Amino acid sequence: MTILTKIVEDKAKRIPEWKEKYEDLEVPNVKRASFIAAIKKSSDLAIIAEIKKASPSKGVLSENFAPLKIAEAYEASQVTCISVLTDEAFFQGGFPILDAVSDKVATPLLCKDFIIDPIQIKMAALHGASCILLIAAILEKEELVQLKNVADKYGLDTLVEIHNEDEWEKIKDLSFPLVGINNRNLHTFEVSLTTTLELVDAVKYSGALVISESGIFTRSDVELVAKAGVDGLLVGEAFMKTDSVATLKEEFSVRKELRV
Ligand SMILES: O=C(O)c1ccccc1NCC(=O)[C@H](O)[C@H](O)COP(=O)(O)O
């Protein structure tokens, strides 16, 4: 059994508890900062900077984890959007972190989790997210459609994530406006930027905005995926381990014109 399967099993076990806690709550009709609009509006390639204490592949990334300080540093450096890991069991994240970050910053927030049930989307909305992640590797096509509709209902954008040709085939006729190509194989943890290079043309041709996710550590990594044509980057570990968010943000900033 892979970690991804274990993560999904853990989510399935927790759904009843979450339904009991959140099902009767009303999602207030608040105006959310638009995640997709921020990516479109950025004159540079969009940078989605992640708040992630730990991961299954790398263990603890930040010993003195201070999510609010990280969020403030991201906002001060003018990253385009922030991704907040809300999974507790495998990433040491949580919805209270998303909640606190959303109180602190105005930058649009992605609820980065392994969503398998509509109640998790309601939780994202209640805790201040602007966008949710749907992972094609763990969802059937019909589930992707159903969950995207739930996100729409709450006024949330959706980032749908693929890693290979089969997953692209699964989603390609669903008109998702924002597609992430994850360079990490979530079963084996193997990371290669070639994944982005292989899938970007097909995704771009569909008219979607494309984000390259995972395994971006250097300016030359950024230039490689930028030249391939992506609209943005999702970066976790490199930001979590840097001594200076501002310096790394500068190093990773490239004009959109660099795209093909
Ligand atoms: O990061 C992991 O080890 C991991 C394992 C299993 C499922 C998902 C995982 N990570 C989620 C992500 O895709 C990353 O947090 C995100 O793209 C940033 O990646 P990186 O810049 O390499 O930290």
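Below, each value reflects all heavy atoms present in this structure, side chains not excepted, and no hydrogens, waters or symmetry copies. Indexing begins at 1, ligand by ligand and atom by atom, following the structure's order. Keep in mind it's a predicted model, so treat the numbers as computed, not measured.
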- Message: Using a 4.0 Å cutoff against the non-hydrogen atoms of Leu234, which atoms of ligand 1 qualify?
- Response: 16 (C), 17 (O), 18 (C)
- Examine the proximity of ligand 1 to Ile216 and report which part, side chain or backbone, both or neither, has a heavy atom under 4.0 Å away. neither
- Query: Under 3.5 Å, is there a donor-acceptor pair between the side chain of Ser77 and the main chain of Val79?
  - Reply: no
- Output the list of atoms in ligand 1 that are nearer than 4.0 Å to some heavy atom of Asn182, sorted by atom number. 13 (O)
- Measure from the ring center of Phe91 to the ring center of Phe114 and say whether it is less than 6.0 Å. yes
- Message: For atom 22 (O) of ligand 1, which of the options Glu237, Arg184, Met240 provides the nearest non-hydrogen atom?
- Response: Arg184
- Query: Is Trp168 linked to Phe176 within one hydrophobic cluster, defined over Ile, Leu, Val, Met, Phe, Trp and Tyr using a side-chain heavy-atom separation of less than 4.5 Å?
  - Reply: yes
- Query: Which of the atoms in ligand 1, numbered in the order shown and given with their element, are less than 4.0 Å from a heavy-atom of Gly215?
  - Reply: 20 (P), 21 (O), 22 (O)
- Under 3.5 Å, N or O to N or O, is Ser57 touching ligand 1 that way? yes
- Message: Can you tell me which residue among Ile48, Ile51, Ile47 is in a side-chain contact (heavy atoms from CB on, under 4.5 Å) with Tyr74?
- Response: Ile51
- Pick one of side chain, backbone, both or neither for how Lys52 approaches ligand 1, counting any non-hydrogen atom pair under 4.0 Å. side chain
- Please work out whether any backbone atom (N, CA, C, O) or any side-chain heavy atom from C-beta onward of Phe114 is under 4.0 Å from ligand 1, and answer side chain, backbone, both or neither. side chain
- Are Lys141 and Asp173 within salt-bridge range, i.e. N to O under 4.0 Å? yes
- Query: Is any NZ, NE, NH1 or NH2 atom of the basic residue among Lys148 and Asp152 found under 4.0 Å from an Asp or Glu carboxylate oxygen of the other?
  - Reply: yes
- Query: Would you say ligand 1 has an N or O under 3.5 Å from any N or O of Gly236?
  - Reply: yes
- Task: May I ask you to list the atoms of ligand 1 that are less than 4.0 angstrom from any heavy atom of Ser55?
- Result: 1 (O), 2 (C), 3 (O)
- Message: Below a 4.0 angstrom heavy-atom separation, can you tell me which part of Glu50, side chain or backbone, both or neither, approaches ligand 1?
- Response: side chain
- Which one holds for Phe91 and ligand 1: side chain close, backbone close, both close, or neither close, with close meaning a heavy atom under 4.0 Å? side chain
- Nearest to atom 14 (C) of ligand 1 by heavy atom, Glu213, Lys6, Lys112, Lys241: which? Lys112
- Task: Would you mind running through ligand 1 and noting each atom that sits below 4.0 Å from a heavy atom of Val235?
- Result: 21 (O)
- Item | Validation row: Glu50, Phe239 side chains within 4.5 angstrom (heavy atoms) | no
- Message: Considering Ala238, Ser212, Ser214, Ala49 one by one, which has a heavy atom nearer to atom 19 (O) of ligand 1 than any of the others?
- Response: Ser214
